[in-house]
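I have placed the structure first, in the form of structure tokens, so that the comments after it can refer back to it.
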Amino acid sequence: MSESIEVSNNRKSLVGLFGIGFVPLIIAWVIFFYFPGLMPSGTTNEGELISPPVQASLIGLEAETGRWTLIVPISESCDAACEERFYLARQVNVALGKESERVHRVMVDLGAAPAKIDTLLREYPDLVRVPISASEFSANLPDAKSIYLMDPIGNIFMIYDQEKAGKPMLKDIKHLLKISNIG
């Protein structure tokens, strides 16, 4: 008789172990397919995701493997707002502290005046200038008056307009660097 009780207890333990593993999966499946309104819809990122991501090679840009990249376009008309984007990109990079080596900044030259480019390169010596065709850029990316974020693999996946550049962008990049194993 004690043998049948032991077998019964073993079966209950086995069913309990399977239940621990499968019940949450079944609940998640039911919520996903039958109650999609219960799933969270918000995100924590401040920038706007580019979906699908744009490959850097499509705009003529090479990814620097192992580093995240802030892409700051400069066009023919670089006004005060344009200069502020370069300033904010540098401030974000500096504010990263010891993690700043994992991020670098690229000036995408879309045909700006050489004098303006020289001035910006003197002000921001660790800025890398990459000349790209304006038509090639605008065919793949929506706005030349924003800052873009590229991962170390070469995917341009996030855009920051003038209002989101600065502290919101810093928050996103800190979070990415914290959870990322690449770059």
Side-chain angles (χ1 to χ4, degrees), residues 44-183:
T44 59
N45 56 298
E46 299 287 340
E48 183 181 329
L49 287 172
I50 299 173
S51 183
V54 175
Q55 287 293 318
S57 58
L58 289 177
I59 64 167
L61 189 63
E62 291 298 320
E64 186 174 325
T65 55
R67 292 179 79 182
W68 295 84
T69 305
L70 287 173
I71 299 170
V72 187
I74 181 172
S75 59
E76 297 168 358
S77 59
C78 185
D79 54 3
C82 169
E83 290 179 16
E84 185 179 6
R85 284 191 297 276
F86 286 98
Y87 173 76
L88 290 172
R90 180 186 63 188
Q91 292 303 96
V92 164
N93 198 291
V94 170
L96 289 171
K98 66 180 181 178
E99 298 289 334
S100 66
E101 292 298 318
R102 294 176 65 189
V103 179
H104 78 288
R105 295 170 287 125
V106 171
M107 171 198 293
V108 172
D109 178 8
L110 303 175
K116 181 58 104 176
I117 291 172
D118 291 341
T119 302
L120 287 170
L121 289 174
R122 272 195 307 276
E123 283 184 49
Y124 310 109
D126 51 343
L127 188 65
V128 177
R129 177 184 169 263
V130 178
I132 292 177
S133 158
S135 60
E136 197 173 17
F137 183 87
S138 63
N140 293 291
L141 292 171
D143 187 12
K145 296 184 178 190
S146 296
I147 299 175
Y148 294 89
L149 183 59
M150 180 173 69
D151 66 15
I153 302 171
N155 298 311
I156 302 170
F157 68 97
M158 195 163 287
I159 180 173
Y160 296 92
D161 58 15
Q162 196 72 26
E163 292 81 38
K164 297 288 182 172
K167 285 186 180 180
M169 183 169 60
L170 175 63
K171 178 184 161 214
D172 280 356
I173 293 173
K174 278 185 175 181
H175 181 71
L176 280 170
L177 294 176
K178 181 179 177 183
I179 64 171
S180 171
N181 291 331
I182 58 173

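What's counted below: heavy atoms across the whole structure, side chains too, no hydrogens, waters or symmetry copies.
- Here the CD1 atom belonging to Ile159 is positioned 11.0 Å from the CG atom belonging to Leu49, to the nearest 0.5 angstrom.
- Annotation: Lys145, atom NZ; neighbour count of heavy atoms from other residues, nucleotides and ligands within 6.0 Å does not exceed 12.
- Minimum interatomic distance between Ala112 and Ser75 (heavy atoms only, all atoms of both residues): CB-O, 3.2 Å.
- Around atom CD of Glu48, no more than 12 heavy atoms belonging to other residues, nucleotides or ligands sit under 6.0 Å away.
- The two residues Phe157 and Pro53 have their closest heavy-atom pair at CB-CB, 4.2 Å.
- A side-chain contact (heavy atoms from CB on, under 4.5 Å) with Arg90 is found for one member of Leu88, Val92, Val94 and no other, namely Val94.
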Task: Phe86 vs Ile74, side-chain contact (heavy atoms from CB on, under 4.5 Å): CA-CA, chis, key distance, verdict - done: CA-CA 9 Å; Phe86 286 98; Ile74 181 172; 3.9 Å; yes

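- In terms of heavy atoms, Gly60 sits closest to Val130 at O-CG1, 4.4 Å.
- For the pair Arg85 (side chain) and Gln162 (backbone), a donor-acceptor distance under 3.5 Å is absent.
- Residues in residues 131-141 take part in these side-chain hydrogen bond (donor to acceptor under 3.5 Å, both in side chains) pairs, two or more places apart or across chains: Ser133-Ser135.
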TODO: Please report the C-alpha distance between Met158 and Leu176 in whole Å, then the side-chain angles of each, then the deciding distance to 0.1 Å, and finally whether the side-chain contact (heavy atoms from CB on, under 4.5 Å) criterion is met.
DONE: CA-CA 12 Å; Met158 195 163 287; Leu176 280 170; 5.7 Å; no

Task: Criterion side-chain contact (heavy atoms from CB on, under 4.5 Å) on Asn155 and Gln55, from CA distance to verdict - done: CA-CA 5 Å; Asn155 298 311; Gln55 287 293 318; 2.4 Å; yes

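- When the shell of 6.0 Å around OH of Tyr87 is examined, it contains 12 or fewer heavy atoms from other residues, nucleotides or ligands.
- In this structure, Glu46 CD and Asp172 CG are separated by 6.0 Å, a value rounded to the nearest 0.5 Å.
- Between Leu61 and Met150, some side-chain heavy-atom pair lies under the 4.5 Å cut-off.
- Glu83 and Cys78 get closest at one heavy-atom pair: N-SG, 4.0 Å.
- Among all heavy-atom pairs drawn from Pro125 and Arg122, the shortest one is CD-O, 4.0 Å.
- For the salt bridge (Lys or Arg N to Asp or Glu O under 4.0 Å) test, no residue two or more places apart in sequence or in another chain qualifies with Lys167.
- Residue Pro73 comes nearest to Ser146 through the heavy atom pair CD-O, 3.0 Å, listed as atom of the first residue, atom of the second, then distance.
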Open item on the list: Would Arg105 and Val72 count as a side-chain contact (heavy atoms from CB on, under 4.5 Å) here? Give the steps.
Closed with: CA-CA 7 Å; Arg105 295 170 287 125; Val72 187; 5.5 Å; no

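- Taken from CD in Glu84 to CD1 in Ile147, the straight-line distance is 9.0 Å, to the nearest 0.5 Å.
- Note that NZ of Lys116 and CG of Leu121 are 12.0 Å apart. Values are rounded to the nearest 0.5 Å.
- Going from atom CE of Met169 over to atom CG of Leu149 covers 8.5 Å, rounded to the nearest 0.5 Å.
- With a 4.5 Å cut-off on side-chain heavy atoms, Ile117 and Pro114 do not count as touching.
- The structure places CG of Leu141 at 5.0 Å from CD1 of Ile59, a figure rounded to the nearest 0.5 Å.
- Annotation: Glu123, atom CD; neighbour count of heavy atoms from other residues, nucleotides and ligands within 6.0 Å is above 12.
- Between Glu76 and Leu110 the shortest side-chain heavy-atom distance does not fall below 4.5 Å.
- Counting only residues at least two apart or on different chains, the ring pair (Phe, Tyr, Trp, His ring centres under 6.0 Å) pairs with a member in residues 89-137 are Phe137-Tyr148.
- A donor-acceptor pair is defined here as one N or O able to donate and one able to accept, closer than 3.5 Å; such a pair exists between the side chain of Arg102 and the backbone of Leu177.
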